[in-house]
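Notes to accompany the following structure.
Below, chains carry the letters A, B, ... as their sequence lines are ordered, and counting in each starts from 1.
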There are 2 protein chains.
Amino acid sequence: MNILEQITLNLEKLSKSERKVANVIQASPKTAIHSSIAALAKMADVSEPTVNRFCRRMDTKGFPDFKLHLAQSLANGTPYVNRHVEETDTVEDYTNKIYEATLASLDRSRQMVDTAAINRAVDILTQAKKISFFGLGASAAVAQDALNKFFRFNVPVLSFQDALMQRMSCINSTEGDVVVLISHTGRTKSLVEIAAMAKENDATVIAITAKDSPLAHACHLVISTEIPEDTDLYMPMASRIGQLVIIDVLATGFTLRRGSKFRDNLQKVKQGIKDSRFTAPPITKT
Amino acid sequence: MNILEQITLNLEKLSKSERKVANVIQASPKTAIHSSIAALAKMADVSEPTVNRFCRRMDTKGFPDFKLHLAQSLANGTPYVNRHVEETDTVEDYTNKIYEATLASLDRSRQMVDTAAINRAVDILTQAKKISFFGLGASAAVAQDALNKFFRFNVPVLSFQDALMQRMSCINSTEGDVVVLISHTGRTKSLVEIAAMAKENDATVIAITAKDSPLAHACHLVISTEIPEDTDLYMPMASRIGQLVIIDVLATGFTLRRGSKFRDNLQKVKQGIKDSRFTAPPITKT
DNA sequence: CTAACAAATGTAATTTAATTACAGTTTAAT
DNA sequence: ATTAAACTGTAATTAAATTACATTTGTTAG
């Protein structure tokens, strides 16, 4: 889909002259989209038909079509090349790579997100007598964040980081309770176990996790973030950010479903924390 | 900048025929970018020069240039229009809006991030005898996440959610200690106070916060996320995600700086948590 | 080592698309 | 009702892209 990626990908399959074209385009794609085929040919020191052949090889109809695709790729800033951090990277390098990887994951997640599942989750949450958010490791921070958000809604909500406390909480759960379990892999034994416990006690179990995972099978409703990240090997990065956005979406759905009277409540919470802050400076638009 | 917006904006200033062109383009911009000027003229039931005149009026050089701009506008889905969630939004609507807002904020943050500050922060962190991460509210979850990451590095690291514990910890800090304070607004009184305390005890104080804020002035080094989000009015969403990415970048910089021997250590931590998980299924590339 | 064929590249011709110049038509104001 | 200005279309022109074909380069088998 992304042309710049495709150029990098097929670079070896190109002929010598075609590669010259590729280099010129990669060097300054912004110039490329504003150039005619003649100008580009000159820059790459090849003939015009060579440029045209290059475009065709990139699965486009011709030069104008190629420019269109290029323009679209460029519009996304620097495009989502899934480059891994290397030892020799400078600060700029690895900073950019991490931002890009995160952006790419989020974008993918957006495209794949199951809004029907979101909707059902919001349904369940709005009707809950009590909501619990549980996660371990990196997902514990996500659970904590969810607590912070839902706490503002004046709804009974709790979160524990301690696996034993989580367990006890689930054993004591009853009908009307909703347990939200967060795990990227869906293979954390302890969470799968408490999912079963909560289920047995007639609580509703929602999981923000990988679909088809043990945890996914152990609960009533799964919201999948669809972010491919091997947390067995690497530290969780994009995965937990995807989870947080899901939390945002759920919290937003929750406030919308509860209606406008309910939102007055939010303002009260905001007022409550105001005194803990220094006053904001007059707004000067940057 | 965005052509589709600009069309809507200048719609009244167009002549009758030009408006026909505008309508056709707005109706299906995707078709428009793949059409010739002749085809578009036919669709809008006007002459070719009218289409050309329309393009010029949109501040483009001509029809091909217009198509380029249009393609770019289209690439961003609906781009960075800071659309707020509305009461009448469907699940799809608000889900998309939240994803888009998050993506836009992150993209902006990426462009503004101060890599020099990142680099200095990594310097300081790698030389730290002890690292503390403190935040309150939504930023507490971020601090917790940082704890989870840096804990893997086998470095003395701690984090408290309790403002009093944070305070006590800072009072007892000494030279060589590094305190990382996280706050979106930089106006949380308690954090500004402990920044001063830590500083007095010769600890190095790093803040992930808004520049020119009280907290920013109270510490040695500021890393700004440059995400405009009014957390006085709305719940923190994109802001904390920006903070998390900064944590990722710092953690990555940390591992790179420490060299390869150090990274063996990470593998040990990974092995250690392996038993708590169910085994992963054989990798089937999707 | 060279003949012969295939792949690659460029030149020139052709086709297609976009733009300009100009003329006819509509519209609005006096 | 008349006139001027703005609008729109037709036809001519120019520019751009594509195709067809010729030449060169490289590679392999004899």
Side-chain angles (χ1 to χ4, degrees), chain A residues 3 6-74, chain B residues 3 6-74:
Chain A
I3 281 280
Q6 192 164 348
I7 293 175
T8 321
L9 217 73
N10 296 36
L11 208 61
E12 304 123 23
K13 290 172 188 169
L14 295 176
S15 72
K16 211 193 319 177
S17 300
E18 285 171 341
R19 208 165 306 170
K20 280 195 215 170
V21 179
N23 289 334
V24 169
I25 290 169
Q26 287 188 318
S28 74
K30 279 168 207 165
T31 319
I33 56 170
H34 292 113
S35 308
S36 70
I37 197 167
L40 245 177
K42 212 171 184 178
M43 275 190 256
D45 193 32
V46 297
S47 71
E48 300 181 21
T50 301
V51 176
N52 199 280
R53 280 189 280 262
F54 167 82
C55 297
R56 293 252 163 83
R57 211 173 276 266
M58 290 296 133
D59 282 322
T60 62
K61 277 191 73 181
F63 182 70
D65 189 43
F66 173 82
K67 282 210 288 189
L68 244 51
H69 281 266
L70 188 60
Q72 288 188 312
S73 303
L74 243 58
Chain B
I3 282 281
Q6 192 165 347
I7 293 175
T8 321
L9 218 73
N10 296 36
L11 208 61
E12 306 124 23
K13 292 172 188 170
L14 295 177
S15 73
K16 211 194 320 177
S17 301
E18 285 170 341
R19 209 166 305 169
K20 280 196 214 170
V21 179
N23 288 334
V24 168
I25 289 169
Q26 286 187 319
S28 74
K30 279 169 206 164
T31 319
I33 54 170
H34 292 113
S35 308
S36 70
I37 198 166
L40 245 175
K42 211 171 185 178
M43 276 190 256
D45 194 30
V46 297
S47 70
E48 300 182 21
T50 301
V51 177
N52 201 282
R53 281 189 279 262
F54 166 81
C55 298
R56 291 252 164 84
R57 211 174 277 264
M58 290 296 133
D59 282 322
T60 62
K61 277 192 75 182
F63 182 69
D65 189 43
F66 173 82
K67 283 210 288 191
L68 244 50
H69 280 266
L70 188 60
Q72 288 188 314
S73 303
L74 246 57

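You'll find the side chain of Asn52(A) reaches within 4.5 Å of the side chain of Arg56(A), heavy atoms only. A heavy-atom distance below 4.5 Å is found between the side chains of Thr31(A) and Met43(A). Counting only heavy atoms from C-beta outward, the side chains of Ile33(B) and Gln72(A) approach each other to under 4.5 Å. Using a 4.5 Å cut-off on side-chain heavy atoms (C-beta onward), Phe63(B) and Leu40(B) make contact. The closest side-chain heavy-atom distance from Leu68(A) to His34(B) is below 4.5 Å.
Under a 3.5 Å cut-off, the side chain of Thr50(A) and the backbone N or O of Val46(A) do not form any donor-acceptor pair.
Shown here are the salt bridge (charged side-chain N to carboxylate O under 4.0 Å, His left out) partners of Arg57(B), two or more places apart in sequence or in another chain: Glu18(B).
The shortest distance between the side-chain N/O atoms of Ser15(A) and the OP1/OP2 oxygens of dA7(C) is not below 4.0 Å.
At a non-hydrogen distance threshold of 4.0 Å, Lys16(A), Ser17(A) from residues 16-24 of chain A come into contact with DNA chain C.
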Reading nucleotides 15-24 of chain C from 5' to 3' and marking B where a protein heavy atom lies under 4.0 Å of the base, S where only the sugar-phosphate is that close, and - otherwise, the string is ---SSB----
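Atoms NZ (Lys42(A)) and P (dG10(C)) sit 15 Å apart, rounded to a whole Å.
The aromatic rings of Phe66(A) and Phe54(A) sit perpendicular to each other, their planes meeting at more than 60°, with 30° as the lower class boundary.
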